[in-house]
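Have a look at the structure below, then the notes.
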Amino acid sequence: MPPRRRAAIGLVTSGFRPSKRIHYSVGIDTKTPAPAPPAAVPGAADGLQQLHDSITGWFAETARDLPWRDPSCSPWGVLVSEIMLQQTPVVRVLPVWHEWLERWPTPAGLAGEPAGEAVRAWGRLGYPRRALRLHAAAAAIVSEHAGKVPDTYPELLALPGVGSYTAAAVAAFAYGRRETVVDTNIRRVQARLVAGSALPAPALTAAEMRLAASLLPDDDATSVRWNAAVMELGALVCTARVPKCPACPVKDSCAWLAAGEPPPSYVPKGQAWHGTDRQVRGAVVAVLRLAEAPVPAEMFHHAPADLGFAPEGIGVPLAALHRLNPPPEQLERSLAGLLADGLAELHDGGYRLPA
DNA sequence: AATGCGTGGCT
DNA sequence: TAGCCAAGCAT
């Protein structure tokens with residue numbers, strides 16, 4: 001195992017001081033010119049330093065002990081965690097992450113198995129295409145990076161399933177680099193603390209990226225700690241629904257609190273679920289995950305009772321699918337979609353995970 | 001730029 | 001209980 005630069009997140013135990021009241025005249029409106037960095041605001045340089053101290057100090061005391069934050073965790077372990085954590089809560093990721101790292105301690109290990117095994121081992125984390133892309137990323141790491149997770153933002157960004165957030169996060173958390181990490185937690189903290197709004201804009205704006213860059217501490221190690229700390233603050237305290245402001249280390253500096261907690265300026269629209277293709281696809285993949293042989297198309301189209309034989313090992317998810325009772329055309333569309341996405345393949349007249 | 005893409009705990 | 005929401009990405 002080659003030596004690696006790695007920031008020891010969560011080991012800082014000093015530097016905590018109560019922050020003074022500071023306010024930034026910085027917005028996240030993309031139409032306005034680039035916001036003046038807080039450091040350019042009179043007296044704000046001290047405020048920025050205090051912001052760093054307050055939040056990283058809070059992080060040192062409060063941070064969860066997550067395995068991918070351990071300095072001994074490999075870059076591969078960090079990458080796997082970041083992909084799994086996309087739109088998925090930590091508590092659900094933990095057990096699956098452990099299974100993966102034990103089974104596939106290196107990218108080469110995963111790349112050496114069929115993609116379907118990645119989907120199977122993904123379990124019920126959701127968005128199983130992530131498993132497919134992580135498998136493809138492992139293959140790319142083997143073929144293009146000699147089996148080592150790349151350590152630069154552009155190289156990471158080129159990997160399947162790795163977007164701007166994940167590329168920055170892996171460069172920062174696995175390799176100790178100074179990167180502008182912007183996830184939904186950081187966006188929400190910035191929106192409240194600096195912009196004074198209840199929620200960030202519906203989509204990530206360039207202004208938010210500039211703001212995050214302007215808040216980033218100058219040196220590598222501190223910037224890594226800062227990124228992790230702000231994410232943690234958003235995850236544990238500055239939460240979307242009911243923020244725990246009394247427990248916030250920077251409540252006295254928060255523009256949103258100072259403004260009297262104004263409500264969101266827009267209503268986030270939820271995702272439809274019942275009756276959608278996604279629901280059907282999920283039910284189909286649940287069947288394929290448990291199947292040890294290709295599942296005949298008739299099994300999807302007809303209730304088990306009509307088949308004249310018991311589906312081995314897949315009775316429960318198959319029954320769940322038939323309880324959904326999707327229109328035949330929707331079932332067809334969902335199966336075709338899974339084939340098109342590479343989440344399923346046809347073999348011997350049946351459907352199976354890619355082998 | 002807006003959509004599609006899973007899952008399950010929480011309120 | 002029916003939404004809301006969780007360390008996004010690809011198209």
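In what follows, every chain begins at residue 1, and chains take the letters A, B, ... in the order their sequences are listed. Predicted, not measured: the structure shown is a model, and the values here were computed from it.
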Within the 4.0 Å heavy-atom criterion, would you say [X] contacts the bases, only the backbone, or no part of the nucleic acid?
X         : result
Arg278(A) : base
Arg187(A) : nothing
Thr88(A)  : base
Arg289(A) : sugar-phosphate
Leu66(A)  : base
Leu125(A) : base
Ala235(A) : sugar-phosphate
Ala169(A) : nothing
Gln279(A) : nothing

Salt bridge flag under 4.0 Å for residues Arg177(A) and Asp151(A): yes

Separation of [N] [atom2] from [X] [atom1] (nearest whole Å):
X         : N      : atom1 : atom2 : value
His274(A) : dG3(C) : NE2   : C1'   : 9 Å
Asn185(A) : dA7(C) : CG    : P     : 4 Å
Glu82(A)  : dG8(C) : CD    : C1'   : 11 Å
Leu156(A) : dG8(C) : CG    : C1'   : 15 Å
Asp183(A) : dC5(C) : CG    : P     : 16 Å

By ring pair (Phe, Tyr, Trp, His ring centres under 6.0 Å) - contacts of Tyr153(A) (at least two apart):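 Residues passing ring pair (Phe, Tyr, Trp, His ring centres under 6.0 Å) with Tyr153(A): none at all.
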
Give each protein N/O atom lying under 3.5 Å from an N/O atom of nucleotides 9-11 of chain C, with the pair distance.
unit_1: dC9(C); atom_1: OP1; unit_2: Gly163(A); atom_2: N; d: 2.8
unit_1: dC9(C); atom_1: OP1; unit_2: Gly163(A); atom_2: O; d: 3.4
unit_1: dC9(C); atom_1: OP1; unit_2: Thr166(A); atom_2: N; d: 3.0
unit_1: dC9(C); atom_1: OP1; unit_2: Thr166(A); atom_2: OG1; d: 2.7
unit_1: dC9(C); atom_1: OP2; unit_2: Tyr165(A); atom_2: N; d: 3.4
unit_1: dA10(C); atom_1: OP1; unit_2: Gly161(A); atom_2: N; d: 2.7

dA6(C) OP1/OP2 closer than 4.0 Å to side-chain N/O of Gln87(A): no

Rounded distance [0.5 Å steps], CZ in Arg69(A) versus OG in Ser81(A):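 Going from CZ on Arg69(A) over to OG on Ser81(A), the span is 9.5 Å.
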
Pairs satisfying ring pair (Phe, Tyr, Trp, His ring centres under 6.0 Å), at least one member in residues 88-135 of chain A, at least two apart: Trp68(A)-Trp97(A), Trp100(A)-Trp104(A), Trp100(A)-Trp122(A)

side-chain contact (heavy atoms from CB on, under 4.5 Å) partners of Arg120(A), counting only residues at least two apart: Glu117(A), Leu353(A)

Partners passing side-chain contact (heavy atoms from CB on, under 4.5 Å) against Ala108(A) (at least two apart in sequence or in another chain):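 Checked Ala108(A) against side-chain contact (heavy atoms from CB on, under 4.5 Å); matches are Thr106(A), Val142(A).
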
Asp219(A), CG: over 12 other non-hydrogen atoms inside 6.0 angstrom: yes

No-H, no-angle donor-acceptor pair, Arg241(A) side chain to dC5(C) base, under 3.5 Å: no

Contact boundaries on DNA chain B for chain A, cut-off under 4.0 Å to non-hydrogen atoms: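 From 5' to 3', the first and last contacting nucleotides are dT3(B) to dG8(B).
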
Going by atom types only, do [X] and [Y] share a side-chain donor-acceptor pair under 3.5 Å?
X         : Y         : value
Ser334(A) : Arg278(A) : no
Glu179(A) : Asn227(A) : no
Thr152(A) : Glu155(A) : yes

Separation between the P atoms of dT11(C) and dG6(B), rounded to whole Å: 14 Å

P atoms of dA7(C) and dT3(B), separation to the nearest Å: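 23 Å, rounded to whole Å.
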
Residue whose nearest DNA chain B nucleotide is more 5′ - Ala283(A) or Val242(A): Ala283(A)

